[in-house]
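Single-structure report; data block below.
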Amino acid sequence: MIRMLGLTALLALALAACEAKESKEARKQGAVSTGYAVLPLPPPPVVPGDGPLALTRLDFAQLPGWSDDDPAGAVKAFHLSCARMAKRASAATLGPEGRYGRVIDWWPACAALGEPDAYDQLAARTFFETWFQPYLVSAEGKSEGLFTGYYETEVEGAFQRGGDYQWPLYRKPSDLGDGPYHDRGAIEDGALAGRGLELVWLNDPVDAFDLHIQGSGVVSFPDGSKRRIGFAASNARPFVGIGRLMLDRGHIGPSEASAQGVRAWLEANPEAGRELMRENPRYIFFRWIEGETGGPIGAQGVPLTPGRSLAVDPSYLAYGVPLFLESSYSTGQPLRRLMIAQDTGGAIKGPVRGDLYWGTGAAALEIAGGMKQKGRYYLFLPRTLTVAAK
């Protein structure tokens, strides 16, 4: 678990450090300085009526399954997001075009949070009901979207190439720009060879490909040691899901269209499988995740919390925002829980789209691997914000 100052103290330090720098800029943006903190005047509407998302204001009693969830785990995840927000300027905006307010608009709720370990189910529910207003999210008249699951894979690796360890994971190249870079096929054919970019060598090409899909993992070495590896950059190529290709070509049937089913086919058909994997041009570069993080690091820059961190499309949503999910497990059992938007992914595109992080290893894969469910989510925004919603 990550070690940090109490959140209230961290917020105070952030405010004190920013105060002199921001007071002039804050006045320009319609805020006033109190001498210790910058307090906002009533902010403008967050989501205009003609925006890409439509928000329908609801009461907590209207959220299906809200009273059954134990959001204490979400409190811990939100605490990490608040600590991340506290490092940003108070006038910084959240989400595309600042649609979710400014950082300072979220600070009162974050400051009231206190220590997350003190929360039980009732206290956690009371906290979110006190500080937030729920909104049903929809786009073009549709509130239903797709929700999948992901996990942190465990793989075997070595620092030197040799024996079974023949498949490299690369660190970020120095010449990687913002535009499209070498695709997967070119890199596997040696486009980066001889540059000393190999971070680690794996003993299984399917494991290497799986890490590119999941974005992070734990590498076990022959001496018994382990290190966490995470996303550093991508080649900016589009993501192509090979599961869909396998379905379309009859390699697997609908009942096998899961992470486990895809892997089983790839392992049973190694040569054809390698060619198929090359049809996904997107390629991920990695870095070692050092220190005691408690989990892989998401796109927001915080450790992910199993069962409570959600990957979203940042073109529509903001990191750190709580969302109540109404969906189901692959078994059909209802899945209704509070999540925090803390990550993204190459396949996570669209206004109502989410990917749930389930943790590390085989148990997490069992839940995440077959998840491809319809659902909707309800956005939680601070009650102090003015929101143009129905």
Judged by modelled atom types alone, do [X] and [Y] share a side-chain donor-acceptor pair under 3.5 Å?
X    : Y    : value
S220 : E156 : no
Q133 : R383 : yes
D210 : Y151 : yes
R353 : T148 : yes
Q333 : S328 : no
Q300 : S81  : yes

I'd like to know if [X] and [Y] make a salt bridge, using a cut-off of under 4.0 Å between side-chain N and carboxylate O.
X    : Y    : value
E326 : R376 : yes
R308 : D69  : yes
D207 : R263 : yes
R228 : E290 : no
D68  : R125 : no

Hey, which of Y135, W106, W66 is the one that makes ring-ring contact (aromatic ring centres under 6.0 Å, His included) with F380?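 Output: one option passes, namely W66.
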Scan F78, F60, Y100, Y378 and name whichever one has a ring-ring contact (aromatic ring centres under 6.0 Å, His included) with F132.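 Only one of F78, F60, Y100, Y378 forms a ring-ring contact (aromatic ring centres under 6.0 Å, His included) with F132, namely F78.
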Aromatic rings Y329 and W358: how do their planes relate, parallel, tilted or perpendicular, breaks at 30° and 60°?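 Tilted, since the angle between the ring planes falls between 30° and 60°.
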Is D343 reaching over with its side chain to a backbone N or O of A299, donor-acceptor style, under 3.5 angstrom?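 Yes.
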Does P322 reach the side chain of L338, with side-chain heavy atoms less than 4.5 Å apart?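 SC-SC contact between P322 and L338 confirmed.
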May I have the step-by-step check of side-chain hydrogen bond (donor to acceptor under 3.5 Å, both in side chains) for S309 and Q342, ending in yes or no? CA-CA 6 Å; S309 293; Q342 294 178 321; 2.5 Å; yes
